[in-house]
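Residue numbers begin at 1 in each chain, while the letters A, B, ... track the order of the sequences.
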There are 2 protein chains.
Amino acid sequence: MDKFKDLDPLLHSQLRLAVVSLLLSVESAEFVFIKEKTGATAGNLSVQLDKLNTAGYIIIEKSFKGKKPLTTCKITKKGIDAFEQYVINLKQYINK
Amino acid sequence: MDKFKDLDPLLHSQLRLAVVSLLLSVESAEFVFIKEKTGATAGNLSVQLDKLNTAGYIIIEKSFKGKKPLTTCKITKKGIDAFEQYVINLKQYINK
DNA sequence: TTTTTTGGTTTATAAAATAAACTACTTTAT
DNA sequence: ATAAAGTAGTTTATTTTATAAACCAAAAAA
């Protein structure tokens, strides 16, 4: 067993992993919803969503809900693939 | 399902997780052996072993092999428990 | 109409990971 | 015997990351 393959640093972060995990289970999610589900602060979430977006793991769409700004996130194929590989690699660490 | 419990930051680090994972499968391990198995640099490994030691997750014993210094590591009960809890929590992120 | 709330972003600070430099020998080659 | 190279690490400095604090614009409430 060739152990300890590198863990994608973009996913090996508690908050970003939670976001991706969450997005895997829904069609799309709004900023405020993700914030509540993860318990993150808005600032931290904003930064981490940007990173996932820049990496192409999620897409972020900005619109308006009535008159208020609305940020909607959706996982991409690239994000799903990265997550799946991350889980495969991670299991080498946690299943002896 | 109440998701996303905090992940012990001491274990949520690629290198420290690899070290603990490795130590779980052996009685004890020498510095050089851990270094080779994890692919870490000596400096990084030294720092991360100190952190695990300070947290009481491992014990570090310094002796000599012939005339050369020898650093031997062993996981503690506390380390095993922390790892098991970490895995339980982590699974909430990776098993949708 | 001022005050508060909503939905964020930007910037600053703290913490972590990593690499580079260094120490203290030991072994090998000259 | 001595210089050069290797071993087994530690310490310090640098980069990266995570997080928090401060801020902004608009909307809703008082």
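Rounded to whole Å, atom P of C:dT28 lies 11 Å from atom NZ of B:Lys67. In this structure, CD of B:Gln48 is placed 14 Å from C1' of D:dT11, rounded to the nearest angstrom. Per the geometry, CZ belonging to A:Phe64 stands 12 Å off P belonging to C:dG7, to the nearest Å. C:dC25 atom P lies 19 Å from atom NZ of B:Lys65, rounded to whole Å. Rounded to a whole Å, the CZ atom of B:Phe33 is 18 Å from the P atom of D:dT7. Rounded to whole Å, the distance from CG on B:Asn44 to P on C:dA21 is 16 Å. In this structure, CG of B:Leu45 is placed 16 Å from C1' of C:dA20, rounded to the nearest angstrom. Rounded to whole Å, the distance from CD on A:Glu61 to C1' on C:dG7 is 17 Å.
An OP1 or OP2 oxygen of C:dT18 is reached within less than 4.0 angstrom by no side-chain nitrogen or oxygen of B:Thr41. Taking only side-chain nitrogens and oxygens, B:Gln14 never comes nearer than 4.0 Å to OP1 or OP2 of C:dA17. A sub-4.0 Å separation between OP1 or OP2 of C:dA16 and a side-chain N or O of B:Arg16 is absent.
Between A:Cys73 and A:Phe31, the closest side-chain pair of non-hydrogen atoms is not below 4.5 Å.
Across D:dG9, C:dA16, C:dG8, the shortest atom-to-atom separation from the side chain of B:Thr71 is found for D:dG9. Comparing C:dT11, C:dA19, D:dT17 by their nearest atom to the side chain of A:Val47 picks out C:dT11. Listed nucleotides: D:dT17, D:dA8, D:dT10. Nearest to the side chain of B:Lys62: D:dT10. Proximity note for A:Ser13 (side chain, C-beta onward) versus C:dA17, D:dA18, D:dT11: the nearest is D:dA18. The side chain of A:Lys68 lies closest to D:dA28 when the candidates are D:dA28, D:dA20, D:dA18. Comparing D:dT11, C:dT10, C:dA17 by their nearest atom to the side chain of B:Ser46 picks out D:dT11.
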Verify side chain to side chain donor-acceptor pair (under 3.5 Å) between A:Gln85 and A:Asp81, making sure each step is shown before the conclusion. CA-CA 6 Å; A:Gln85 189 59 55; A:Asp81 291 349; over 6 Å; no
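Residue contacts shown for A:Leu70 are limited to sugar-phosphate atoms, with no base heavy atom under 4.0 Å away. Residue B:Lys51 is in sugar-phosphate contact alone, with no base atom involved, counting any heavy-atom pair closer than 4.0 Å across all strands shown.
The main-chain N or O of A:Tyr57 is found under 3.5 Å from a side-chain atom of A:Thr76 such that the two form a donor-acceptor pair. Looking at A:Asn89, its side chain never comes within 3.5 Å of a backbone N or O of A:Leu7 through a donor-acceptor pair.
With salt bridges taken as basic N to acidic carboxylate O contacts below 4.0 Å, one links B:Lys65 and B:Glu30.
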